[in-house]
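Data first, discussion second: the structure below is written as structure tokens.
Every chain is numbered from 1 and lettered A, B, ... according to where its sequence line falls, protein lines coming before strand lines. Just the heavy atoms: all of them, side chains too, but no hydrogens, waters or symmetry mates, feed the values below.
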Protein chains: 2
Amino acid sequence: MNRDLIHESLAKKVKNKMLSDDLLFDVAEVFKIFGDSTRIKIIYALKLSELCVSDIAFITNSSESAISHQLRILKQAKLVKSRKDGKIVYYSLKDEHVIKLFEIGREHALEL
Amino acid sequence: MNRDLIHESLAKKVKNKMLSDDLLFDVAEVFKIFGDSTRIKIIYALKLSELCVSDIAFITNSSESAISHQLRILKQAKLVKSRKDGKIVYYSLKDEHVIKLFEIGREHALEL
DNA sequence: CCTTCATTTGAATACCCGTTCATATATTCA
DNA sequence: TGAATATATGAACGGGTATTCAAATGAAGG
């Protein structure tokens, strides 16, 4: 780690302009949530409609347990919200921001 | 997996409207690339300037080997491009799309 | 050529994380 | 209250992946 810098002036300038490690970590965390097939499927399904756990399990061909675990993660990340009606818990996307992120990722995926 | 559907009609409708597993998988893959602190740091640094491997290692406090590995991943994902000048390889972001995705993730991270 | 230096590569390690399975909680209804 | 059902939870297992370390590649300069 104690070498000569190849472009000392430039590298130090860029290093000074870097965002904080904390913020960059948080940004990575947001993307990490979207970076799983099951969660992306859930997000897209919820983009189409409010749904309960077993609906989502059916739609995504996953177990209810797996979906429940993933919904907890999505909820902790404040990407989805839930309401309870009797035995059934209905999940939906928390805001338009989530949809925006999804759409841009989708555009990019299509460009490959 | 062979239960009664709670909201059969709705669930089947949503399932029919789902994007293909392949596409949703690809979308998740894109986000997965962004979902790592080191790679996000690299992306942000390259947003500020074209840089070589050892510059990036200095800026991100990582080893050159680790950066090189991550740059390969970023290049395979078509998020960065490179040009060679003698011994030195200069990396830069491939297009504005990458910046757009980063910025939206950043906005979302700030909203927590 | 031989050395130096920037980068790459491969194998090994260690860690993270998604799923499964079994069980628990909670709510409805008989 | 007791059975049935929807969801949640916790532990454990397995697969994936980021980093490290050692070594290889490739280019410049003496």
Side-chain angles (χ1 to χ4, degrees), chain A residues 1-8 10-11 21 24-25 28-43 46 50-77 80-92, chain B residues 1-8 10-11 21 24-25 28-29 31-43 50-77 80-92:
Chain A
M1 203 75 93
N2 251 337
R3 293 172 306 81
D4 284 344
L5 275 170
I6 297 180
H7 309 93
E8 176 160 348
L10 172 63
D21 277 16
L24 291 169
F25 180 84
E29 288 303 300
V30 170
F31 285 117
K32 203 171 288 179
I33 304 289
F34 282 79
D36 175 79
S37 291
T38 303
R39 286 193 292 267
I40 277 288
K41 286 181 190 175
I42 294 175
I43 288 169
L46 292 180
E50 177 188 70
L51 295 164
C52 72
V53 175
S54 74
D55 291 338
I56 300 174
F58 166 74
I59 292 164
T60 63
N61 304 309
S62 310
S63 72
E64 281 144 10
S65 179
I67 295 302
S68 182
H69 278 297
Q70 296 303 343
L71 283 168
R72 180 171 42 77
I73 292 171
L74 289 166
K75 204 174 171 186
Q76 281 172 350
V80 310
K81 59 182 192 295
S82 65
R83 70 181 175 85
K84 201 168 188 179
D85 183 15
K87 280 182 288 194
I88 300 178
V89 180
Y90 292 93
Y91 285 88
S92 55
Chain B
M1 203 77 90
N2 251 337
R3 294 172 307 81
D4 284 345
L5 275 170
I6 298 179
H7 309 93
E8 176 159 350
L10 171 63
D21 277 15
L24 290 169
F25 181 84
E29 288 303 301
F31 285 118
K32 203 172 287 179
I33 303 290
F34 282 80
D36 174 81
S37 291
T38 303
R39 285 194 292 266
I40 276 289
K41 286 181 190 174
I42 294 175
I43 288 169
E50 177 186 71
L51 295 164
C52 72
V53 175
S54 73
D55 291 339
I56 300 173
F58 166 74
I59 292 164
T60 63
N61 303 309
S62 310
S63 73
E64 280 143 12
S65 179
I67 295 301
S68 182
H69 279 297
Q70 295 304 341
L71 282 169
R72 180 172 41 77
I73 292 170
L74 288 167
K75 204 174 172 186
Q76 281 173 351
V80 309
K81 59 182 192 295
S82 64
R83 69 182 175 85
K84 201 168 186 177
D85 183 14
K87 280 182 289 194
I88 299 178
V89 180
Y90 292 93
Y91 285 89
S92 55

Can you name the closest pair of heavy atoms from [X] and [Y] and give their distance?
X	Y	result
S68(A)	V53(A)	N-CG1, 4.5 Å
G35(B)	K32(A)	O-CE, 2.9 Å
C52(B)	I6(A)	SG-CD1, 4.0 Å

Quiz item: In terms of the nearest nucleotide of DNA chain C, which residue is placed more toward the 5' end: C52(B) or A66(A)?
Solution: C52(B)
Please report, rounded to the nearest Å, how far the [atom2] atom of [N] is from the [atom1] atom of [X].
X	N	atom1	atom2	result
L74(B)	dT17(D)	CG	P	14 Å
F25(B)	dG18(C)	CZ	P	14 Å
I56(A)	dT19(C)	CD1	P	13 Å
I42(B)	dA18(D)	CD1	P	11 Å
E29(A)	dC17(C)	CD	C1'	12 Å
I73(A)	dG10(D)	CD1	C1'	14 Å
I6(B)	dT27(C)	CD1	P	15 Å
L5(B)	dT5(D)	CG	C1'	14 Å

Quiz item: Can you check whether Q70(B) has a side-chain N or O nearer than 4.0 Å to OP1 or OP2 of dT17(D)?
Solution: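 Answer is no, no contact under 4.0 Å.
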Self-check item: Contact under 4.0 Å: S63(A) side-chain N or O vs dT20(C) OP1/OP2
Solution: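 Yes, such a contact exists.
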Exercise. Could you check I73(A) against D36(A) for side chain to side chain contact (heavy atoms under 4.5 Å, CB included), going step by step and ending with a plain yes or no?
Key: CA-CA 11 Å; I73(A) 292 171; D36(A) 175 79; over 6 Å; no
Practice problem: To the nearest 0.5 angstrom, please state how far the CG atom of D55(A) sits from the CD atom of E8(B). | Solution: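 If I round to the nearest 0.5 Å, the distance is 10.5 Å.
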Quiz item: Can you give one letter per nucleotide of nucleotides 25-30 of chain D, 5' to 3': B if a protein heavy atom sits under 4.0 Å from the base, S if only from the sugar-phosphate, - if neither?
Solution: -BBS--
Exercise. Mind telling me whether F31(B) and F31(A) have parallel, tilted or perpendicular rings, with 30° and 60° as the class edges?
Key: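 Correct class here is parallel.
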Quiz prompt | side chain to side chain contact (heavy atoms under 4.5 Å, CB included) evaluation trace for I40(A) with F34(A) | solution = CA-CA 6 Å; I40(A) 277 288; F34(A) 282 79; 4.0 Å; yes
Self-check item: Candidates dA18(D), dA6(D), dG18(C) - which lies nearest the side chain of I88(A)
Solution: dA6(D)
Hey, what are the protein-to-nucleotides 8-11 of chain C N/O distances that come in under 3.5 Å?
residue : atom : partner : partner atom : Å
dT8(C)  : OP1  : Y91(B)  : OH           : 2.5
dT8(C)  : OP2  : S68(B)  : OG           : 2.8
dT9(C)  : O4   : S65(B)  : OG           : 2.8
dG10(C) : O6   : H69(B)  : NE2          : 2.8

Quiz prompt | Identified side chain to side chain donor-acceptor pair (under 3.5 Å) counterpart of Q70(A) within the set K41(A), R39(A), K75(A) | solution = R39(A)
Self-check item: Matching residue for Y91(A) among L46(A), I42(A), L51(A) - test: side chain to side chain contact (heavy atoms under 4.5 Å, CB included)
Solution: L46(A)
